[in-house]
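Structure first, commentary second.
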Amino acid sequence: MGDEVVVKVAGTEKTLKVTGIYQDITNGGKTAKAHTSLGLNEETVLWYIVSLDVAPGVDIREKMDYYQNTYDSAQVNDIKEYTQQTLGNLIDQMSTIVIGGIAIAVIIAVLITALFLKMILSKDMSQIAIMRSVGLTSKNVSHQYMSGTLMVLILGIIFGVLASNYLGEFLVSMAMSSMGAAKIELVHVEWQTWLLCPLALIVVVGFTISVCCKVTVEDDLSAVLRS
């Protein structure tokens, strides 16, 4: 903002001052717009872009047909169709990446939970045997480990969601700034962020804990005590 740029207009150099900036991911962010006071050379114009907003209740398709029939040389596009045409492949690829990322995250969560519990249960095997010998059932022992692990999981989910909400946009904007998008605003769907994803993770991890504890806790008690 405030920088001066020298441009050549009709063979004459003019000094312009940058008065505003905007995000544009086309051409790697290297795009500029100048004021009409510089003059307009009709012969060098490639195309004009006119954006229209229709009043509430107006049939968009009917209005598009009207302008298309009135101006034969014009190309009338709905913004949704235009977005699908220009960014459709990118959106599909991002959807695939998101689904793959979710699958990988679930697998990693299951593996880490299983390995962590196996290590803890192996270390506490003698203590588990003592608890069972004094009357605690396998279900009681499993519930102790499940409650502790799920508490750590819930704290991790809260910390992760807060970090993504406050740091996610900043990190993504830094990564995309080289492409011309210096400020990315992420859309937060609250019920997915705070309910669906945490609930799915809790269910997956809870099931993993239940299986691991059942296999380990229900081992032969006499063999454990003899060892």
Side-chain angles (χ1 to χ4, degrees), residues 80 83-84 87-176 179 181 183-227:
K80 293 181 179 180
T83 302
Q84 183 61 34
L87 300 176
N89 291 333
L90 178 61
I91 293 173
D92 293 339
Q93 292 176 3
M94 290 300 296
S95 299
T96 303
I97 292 174
V98 169
I99 294 174
I102 293 174
I104 293 174
V106 170
I107 294 173
I108 291 176
V110 170
L111 289 176
I112 291 178
T113 303
L115 293 174
F116 175 76
L117 272 178
K118 283 293 185 182
M119 180 184 66
I120 296 297
L121 292 173
S122 298
K123 181 176 69 69
D124 296 343
M125 187 63 69
S126 58
Q127 182 179 351
I128 294 173
I130 294 173
M131 288 190 294
R132 289 180 59 192
S133 64
V134 296
L136 271 70
T137 64
S138 300
K139 185 177 294 186
N140 296 139
V141 178
S142 298
H143 286 171
Q144 290 185 18
Y145 286 94
M146 182 174 292
S147 60
T149 307
L150 289 180
M151 181 61 67
V152 174
L153 174 64
I154 292 173
L155 293 176
I157 289 174
I158 295 174
F159 176 78
V161 171
L162 293 177
S164 65
N165 286 344
Y166 290 101
L167 297 178
E169 292 184 1
F170 173 73
L171 296 177
V172 173
S173 297
M174 287 184 58
M176 295 292 291
M179 298 179 59
K183 180 175 174 55
I184 301 295
E185 294 184 2
L186 301 180
V187 177
H188 301 288
V189 183
E190 299 296 336
W191 69 273
Q192 292 182 0
T193 304
W194 290 101
L195 181 62
L196 179 61
C197 294
L199 185 61
L201 189 58
I202 289 173
V203 170
V204 171
V205 172
F207 178 75
T208 305
I209 296 172
S210 177
V211 173
C212 292
C213 289
K214 182 177 181 180
V215 172
T216 304
V217 173
E218 292 184 355
D219 285 342
D220 188 6
L221 180 59
S222 60
V224 175
L225 291 175
R226 286 197 303 270
S227 62

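The shown structure was predicted, so the numbers you read here are calculated from the model rather than taken from an experiment.
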Is there a donor-acceptor pair closer than 3.5 Å between any side-chain N or O of T149 and the backbone N or O of M146?
-> no

Within the side chain of T193, is there an N or O that forms a donor-acceptor pair under 3.5 Å with the backbone of V189?
-> yes

What's the verdict on side-chain contact (heavy atoms from CB on, under 4.5 Å) for N165 and W194, showing C-alpha distance, side-chain angles and the deciding distance?
-> CA-CA 11 Å; N165 286 344; W194 290 101; 4.1 Å; yes

Below 3.5 Å, can you tabulate the donor-acceptor pairs from side chains in residues 100-115 to any protein atom, sequence neighbours excluded?
residue : atom : partner : partner atom : Å
T113    : OG1  : A109    : O            : 2.6

When every non-hydrogen atom of P198 is compared with those of Q192, the smallest separation belongs to CD-O, 3.9 Å

Contact summary for L150 and I209, nearest pair of heavy atoms | CD2-CD1, 4.1 Å

Straight-line distance of L153 CG to M151 CE, nearest 0.5 Å | 10.5 Å

